[in-house]
Amino acid sequence: MGEAIQIARDGSFQLGERSYQIPDVFSPREVFSYRRLLEPIPDIPGGTRLSGEQRTRQMAYFFRRAAACVIPGLEPAALETLPYGTLQAMHGWIASHRPELCPDGRLIA
């Protein structure tokens with residue numbers, strides 16, 4: 001079972017023994033990388049379709065990568081113990097508190 005995290009109003013949170021801080025502002029490159037990682041990946045017509053479980057694993061992978069690209073010092077591997085719902089909640093917090101990453105106020109994915 002994975003662990004849950006609580007993100008403070010200022011964007012700080014504890015994961016294991018380490019503390020992290022979601023920055024107040026991001027560089028254009030970080031914004032581009034974050035948005036690109038969370039763009040929906042469509043099924044290829046006539047190609048292999050992902051099952052619901054496979055798509056969830058895929059999205060968890062991209063959620064971990066996107067978080068790592070905007071949170072200093074955070075490695076995707078540090079997020080592997082977090083359940084999918086916790087990863088979604090983390091990005092929900094980011095979408096609601098850092099509008100430049102998600103201009104319409106929601107996750108792209």
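Below, all heavy atoms of this structure are taken into account, side chains as well, without hydrogens, waters or symmetry copies. Not measured: the values here are computed from a predicted model.
- Arg65 and Tyr61 share a donor-acceptor pair across their side chains, judged by distance under 3.5 Å alone.
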message: Evaluate Gln14 against Ile5 for side chain to side chain contact (heavy atoms under 4.5 Å, CB included), listing each step before the verdict.
response: CA-CA 7 Å; Gln14 185 88 15; Ile5 60 171; over 6 Å; no
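- Looking at Thr56, its side chain does come within 3.5 Å of a backbone N or O of Gly52 through a donor-acceptor pair.
- Distance CZ/Arg57 to OG/Ser51: 6.5 Å, rounded to 0.5 Å.
- Using a 4.5 Å heavy-atom cutoff, the side chains of Cys69 and Leu37 are in contact.
- A distance-only check finds no donor-acceptor pair linking the side chain of Thr86 to the backbone of Leu82 [under 3.5 Å].
- Inter-residue side-chain proximity for Phe13 and Ile22 is flagged as met; some heavy-atom pair is nearer than 4.5 Å.
- Here the shortest heavy-atom pairing between Met90 and Leu79 reads CE-CD2, 4.1 Å.
- The nearest pair of heavy atoms linking Trp93 to Ile7 is CE2-CG2, 3.5 Å.
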- request: Check step by step if ring pair (Phe, Tyr, Trp, His ring centres under 6.0 Å) holds for Phe62 and His91.
  value: CA-CA 11 Å; Phe62 285 114; His91 287 284; over 10 Å; no
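- The side-chain heavy atoms of Arg98 and Asp24, taken from C-beta on, include a pair separated by under 4.5 Å.
- Using a 4.0 Å cut-off between charged nitrogen and carboxylate oxygen, Arg35 and Glu39 do not count as a salt-bridge pair.
- Considering CD of Glu80 and CG of Leu87, their distance stands at 10.0 Å, rounded to 0.5 Å.
- Panel note: side chain Gln21, backbone Asp10; a donor-acceptor pair is recorded below 3.5 Å.
- When all heavy atoms are compared, the tightest approach of Arg9 to His97 is O-CD2, 4.4 Å.
- Considering only heavy atoms from C-beta on, Ser12 stays 4.5 Å or farther from Ser19 through its side chain.
- Between Glu30 and Ser27 there is a side-chain heavy-atom pair separated by less than 4.5 Å.
- Residues Phe32 and Phe63 fall into different hydrophobic clusters, defined by Ile, Leu, Val, Met, Phe, Trp and Tyr side chains chained together at heavy-atom separations under 4.5 Å.
- In this structure, the separation between CD on Glu75 and CZ on Arg18 is 8.5 Å, given to the nearest 0.5 Å.
- Taken from OH in Tyr20 to CD1 in Ile71, the straight-line distance is 9.0 Å, to the nearest 0.5 Å.
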